[in-house]
Amino acid sequence: MRAFYVDLVRGASLDFIAGPFGSEEIAGKYQQAAVGKQVELDPWAPLDDFGVSAVSGGFRQLGRLNDRIKIDPGDLLN
């Protein structure tokens, strides 16, 4: 099963800031909140790129900002 994340790309680095979610649509639902929180916390964030990534192979790391934005627990993969 694939896991979907709101991601931040800075140079050659990729960071998962929200997720894992069960679909691209669910991840997209949280993209604005996650990006807004990242911009609030990091003055360099407006220079970054943001999007939604899909990861396969059982990867289920929690997004770095999950605890700082309101996420319905039912939207997260277990």
Side-chain angles (χ1 to χ4, degrees):
M1 175 178 249
R2 292 170 31 152
F4 294 83
Y5 291 87
V6 177
D7 64 41
L8 173 152
V9 178
R10 180 175 289 172
S13 298
L14 175 68
D15 189 11
F16 297 124
I17 60 174
F21 303 106
S23 72
E24 184 176 358
E25 293 76 24
I26 296 172
K29 180 169 104 173
Y30 293 100
Q31 187 171 3
Q32 184 175 358
V35 171
K37 182 55 73 173
Q38 182 68 31
V39 168
E40 177 185 318
L41 296 171
D42 179 1
W44 293 101
L47 303 174
D48 296 327
D49 291 316
F50 297 91
V52 173
S53 295
V55 181
S56 299
F59 183 87
R60 296 290 187 272
Q61 177 179 325
L62 292 177
R64 185 173 43 78
L65 298 178
N66 279 13
D67 61 342
R68 293 182 175 240
I69 62 173
K70 186 174 182 174
I71 296 176
D72 181 341
D75 285 343
L76 291 170
L77 285 178
N78 293 330

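These numbers come from a predicted model, not from an experiment.
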- With rounding to the nearest 0.5 Å, note down the distance linking CG in D67 to NZ in K37. 10.0 Å
What heavy-atom pair brings [X] and [Y] nearest, and what distance separates the two atoms?
X   : Y   : value
S53 : L14 : OG-CD1, 4.3 Å
A34 : L65 : O-CD1, 3.7 Å
L62 : P20 : CD2-CD, 4.0 Å
Q31 : V6  : CA-CG2, 3.8 Å
A54 : F4  : CB-CE2, 3.5 Å
A18 : N66 : CA-OD1, 3.2 Å

Give a yes or no on whether the backbone of [Y] and the side-chain of [X] come within a donor-acceptor separation of less than 3.5 Å.
X   : Y   : result
D48 : L8  : no
D42 : W44 : yes
Y30 : D72 : yes

- Message: I'd like to know whether R10 forms a salt bridge (Lys or Arg N to Asp or Glu O under 4.0 Å) with D15, so could you lay out the CA-CA distance, the side-chain angles of the two residues, the decisive distance to 0.1 Å, and finally the verdict.
- Response: CA-CA 8 Å; R10 180 175 289 172; D15 189 11; over 6 Å; no
- Message: Just checking R68: does its CZ atom have more than 12 heavy atoms from other residues, nucleotides or ligands closer to it than 6.0 angstrom?
- Response: no
- Query: Centroid-to-centroid, F16 to F59, below 6.0 Å?
  - Reply: yes
- Query: Is it true that F21 and Y5 have ring centroids separated by less than 6.0 Å?
  - Reply: no
- Under the side chain to side chain contact (heavy atoms under 4.5 Å, CB included) rule, what do R64 and Q38 come out as? Steps first, then yes or no, please. CA-CA 10 Å; R64 185 173 43 78; Q38 182 68 31; 2.8 Å; yes
- Query: Heavy-atom distance under 4.5 Å between the side chains of D7 and V52, does that happen here?
  - Reply: no
- Message: Could you check whether any side-chain heavy atom of R2 comes within less than 4.5 Å of a side-chain heavy atom of V55, counting everything from C-beta outward?
- Response: no
- Task: Show your working on side chain to side chain contact (heavy atoms under 4.5 Å, CB included) between I17 and F50 and close with a plain yes or no.
- Result: CA-CA 10 Å; I17 60 174; F50 297 91; 4.1 Å; yes
